[in-house]
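In what follows, residues are counted from 1 in the order of the sequence shown.
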Amino acid sequence: MDPSLREIIAHAVTEARKGGLDAVAQRAAAVTLLAAMIPSLDGGTVQLIVDQLYPFIADLGAAA
């Protein structure tokens with residue numbers, strides 16, 4: 001089964017946090033991974049998806 005958009009972004013953010021990266025770098029990692037996993041999406045769409053989902057994922061990570 002393919003991972004969801006949320007799962008892809010959460011994985012990228014989690015790995016970036018483990019590496020000690022800040023929020024800007026976490027978002028960049030999420031954009032890069034999402035673009036690599038779903039190459040049919042254009043850059044603007046990938047950025048929009050990450051911009052919309054990152055706050056929820058960041059909040060979940062802070063609560064964990």
Side-chain angles (χ1 to χ4, degrees):
M1 183 161 64
D2 292 332
S4 69
L5 295 174
R6 187 197 60 77
E7 290 169 330
I8 294 168
I9 295 168
H11 176 73
V13 169
T14 299
E15 292 302 311
R17 283 182 179 161
K18 286 179 185 176
L21 300 178
D22 65 6
V24 172
Q26 291 170 25
R27 282 179 181 243
V31 167
T32 301
L33 183 60
L34 185 58
M37 292 194 69
I38 309 176
S40 61
L41 295 175
D42 65 76
T45 302
V46 170
Q47 187 67 50
L48 178 66
I49 292 168
V50 171
D51 288 347
Q52 293 297 311
L53 292 178
Y54 178 83
F56 300 107
I57 292 165
D59 286 346
L60 290 174

Apply the test side chain to side chain contact (heavy atoms under 4.5 Å, CB included) to residues I49 and I9: give CA-CA distance (whole Å), side-chain angles for both, the deciding distance (0.1 Å), then the verdict.
CA-CA 9 Å; I49 292 168; I9 295 168; 3.9 Å; yes
Within this structure, what is the CD1-CE distance for the pair I8 and M37, rounded to the nearest 0.5 Å?
4.5 Å
Provide the closest heavy-atom pair for A30 versus V13 in the form atom of the first, atom of the second, distance.
CB-CG2, 4.4 Å
Mind running side chain to side chain contact (heavy atoms under 4.5 Å, CB included) on I38 and L5 for me, showing each step along the way?
CA-CA 9 Å; I38 309 176; L5 295 174; 3.7 Å; yes
Non-hydrogen side-chain atoms of L48 and T45 separated by less than 4.5 Å
no
Is L21 reachable from L53 through a run of hydrophobic residues whose side-chain heavy atoms are each under 4.5 Å from the next?
no
Rounded to the nearest 0.5 Å, what's the gap from NZ on K18 to CD on Q26? Could you check?
12.5 Å
S4: what forms a side-chain contact (heavy atoms from CB on, under 4.5 Å) with it, not counting sequence neighbours?
R6, E7
Can you tell me which residue pairs pass the salt bridge (charged side-chain N to carboxylate O under 4.0 Å, His left out) test with a partner in residues 24-48, sequence neighbours excluded?
R27-D51
